[in-house]
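Note: hydrogens, waters and symmetry copies are ignored here, and every other heavy atom, side chains too, is used.
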Amino acid sequence: MDNTVGSQQQNVICGTLLGDGLLERNGKFVRLVIDHSAKQEAYVRWKAERLATLVPSIIFKKRIDSRTHRIYSHCILRTRVSPILERYVALFYQGKRKRVPVVLLKMINPQMLAIWIMDDGYKRNDCNAMRLNTQSYTLAEQYIIKRALKRLNIETNIQKHKKHFVIYIPSPSMNRLRTLVRPFMIPAMEYKLA
């Protein structure tokens with residue numbers, strides 16, 4: 001695997017965009033925005049180190065959930081705007097909607113998947129299985145993800161979760177998944193594989 005700074009940065013960007021991250025236009029170019037719970041500050045700082053050439057800044061904000069009136073603390077990373085990020089707009093966006101690029105089949109690798117899991121993985125408590133929270137993607141995009149993970153020899157199912165679809169990694173695939181991604185998981189996010 002290519003382990004250069006540039007390839008690691010690409011894996012962080014792509015894994016983040018498959019998960020919770022977004023690209024935000026600010027003037028001529030875009031910046032990467034990452035918003036996690038303040039409890040995941042170590043993970044946000046880990047990403048910031050790998051995105052150092054994009055000069056990230058981290059801020060903390062509190063938000064009130066209008067439904068529950070609970071206060072939630074967030075750790076938000078924003079990079080500087082950069083022409084380097086424009087290629088990711090072309091890959092991951094169709095208009096303003098984030099999508100799964102077809103080239104995921106060729107570009108997926110264990111580090112990118114580990115970052116995606118740290119963003120959007122949910123380890124089931126009642127069994128040895130995992131869900132990737134892919135609810136925002138179309139059914140056709142779920143099949144792209146399924147084929148991409150198959151390329152890594154990870155069998156998956158597409159399941160209906162409430163009104164949307166998610167990628168489900170059943171128990172027989174979990175050992176393979178752990179073997180692939182564990183070297184790239186940070187200690188604070190190991191619970192995603194437990």
Side-chain angles (χ1 to χ4, degrees), residues 2 4-37 40 43-44 46-59 61 63 74-122 131-152 154 156 158-168 181 184:
D2 183 4
T4 62
V5 171
S7 69
Q8 286 186 48
Q9 180 172 282
Q10 176 172 297
N11 288 337
V12 171
I13 293 168
C14 292
T16 297
L17 289 173
L18 287 164
D20 292 332
L22 63 97
L23 293 173
E24 177 182 82
R25 191 155 301 278
N26 186 12
K28 185 176 179 182
F29 299 115
V30 295
R31 63 182 165 205
L32 180 63
V33 179
I34 299 165
D35 185 343
H36 288 285
S37 162
Q40 295 178 336
Y43 179 46
V44 175
W46 178 88
K47 282 187 177 184
E49 289 173 14
R50 277 134 195 90
L51 297 170
T53 60
L54 295 170
V55 194
S57 62
I58 296 173
I59 61 167
K61 283 192 174 179
R63 293 192 181 125
H74 292 257
C75 184
I76 302 165
L77 179 150
R78 285 187 177 90
T79 67
R80 284 201 179 157
V81 295
S82 173
I84 292 168
L85 294 170
E86 289 301 315
R87 65 183 235 143
Y88 298 102
V89 174
L91 274 176
F92 284 93
Y93 284 84
Q94 187 169 28
K96 292 186 176 189
R97 189 182 81 79
K98 196 165 68 164
R99 64 178 178 163
V100 175
V102 175
V103 297
L104 180 65
L105 296 167
K106 293 179 183 172
M107 63 192 296
I108 191 80
N109 61 57
Q111 185 179 35
M112 188 183 300
L113 178 57
I115 293 160
W116 191 4
I117 287 169
M118 288 189 283
D119 267 32
D120 265 349
Y122 172 76
R131 179 176 72 218
L132 273 177
N133 290 309
T134 55
Q135 292 93 328
S136 64
Y137 296 128
T138 67
L139 184 57
E141 290 167 330
Q142 305 286 341
Y143 279 102
I144 294 170
I145 297 166
K146 183 175 175 61
R147 290 196 323 266
L149 295 179
K150 175 74 172 163
R151 191 172 157 266
L152 296 175
I154 299 170
T156 61
I158 298 171
Q159 290 188 343
K160 190 98 180 207
H161 182 71
K162 298 180 183 174
K163 295 180 181 180
H164 305 283
F165 294 99
V166 296
I167 294 293
Y168 184 79
V181 303
F184 304 102

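In this structure, Lys146 contributes its side chain and Thr156 its backbone to a donor-acceptor pair below 3.5 Å. Judged purely by atom type and a 3.5 angstrom limit, Gln142 uses its side chain to pair as donor or acceptor with the backbone of Thr134. Judged purely by atom type and a 3.5 angstrom limit, Arg151 has no side-chain atom pairing as donor or acceptor with the backbone of Arg147.
Taking the side chain to side chain donor-acceptor pair (under 3.5 Å) definition, one finds that Arg87 meets it with Gln10, sequence neighbours left out. Annotation: side-chain contact (heavy atoms from CB on, under 4.5 Å) contacts of Arg80 (sequence neighbours excluded): Val55. In this structure Gln94 satisfies the side-chain contact (heavy atoms from CB on, under 4.5 Å) test together with Arg97, Arg99, sequence neighbours excluded. Scanning for ring-ring contact (aromatic ring centres under 6.0 Å, His included) contacts around Tyr43 gives His36, with sequence neighbours left out. In terms of the side chain to side chain donor-acceptor pair (under 3.5 Å) criterion, residue partners of Arg31 (sequence neighbours excluded) are, by chain and number, Glu24. The side-chain contact (heavy atoms from CB on, under 4.5 Å) search around Val89 returns Leu23, Arg25, Val30, Glu86, Tyr93, not counting sequence neighbours. A search for side chain to side chain donor-acceptor pair (under 3.5 Å) contacts involving Thr79 returns nothing, not counting sequence neighbours. Every residue two or more places apart in sequence or in another chain that forms a salt bridge (charged side-chain N to carboxylate O under 4.0 Å, His left out) with Asp35 is listed here: Arg63. Applying the salt bridge (charged side-chain N to carboxylate O under 4.0 Å, His left out) criterion to Lys150, with sequence neighbours excluded, gives Glu155. Under the side chain to side chain donor-acceptor pair (under 3.5 Å) criterion, Arg131 pairs with Asn133, sequence neighbours left out.
Atom CZ in Phe92 sits 4.0 Å away from atom SG in Cys14 (nearest 0.5 Å). For the atom pair Tyr88 OH and Leu32 CG, the distance stands at 10.0 Å (nearest 0.5 Å).
Residue pairs that meet the ring-ring contact (aromatic ring centres under 6.0 Å, His included) test with at least one member in residues 8-35, sequence neighbours left out, do not exist here.
The neighbour count for Lys160 NZ, taken as heavy atoms of other residues, nucleotides or ligands under 6.0 Å away, is above 12.
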Criterion side-chain contact (heavy atoms from CB on, under 4.5 Å) on Thr16 and Leu51, from CA distance to verdict: CA-CA 11 Å; Thr16 297; Leu51 297 170; over 6 Å; no
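For the residue pair Thr138 / Glu141, a side-chain donor-acceptor distance below 3.5 Å is found, with atom types taken as modelled. For the residue pair Lys98 and Ser136, no side-chain donor N or O sits within less than 3.5 Å of a side-chain acceptor on the partner.
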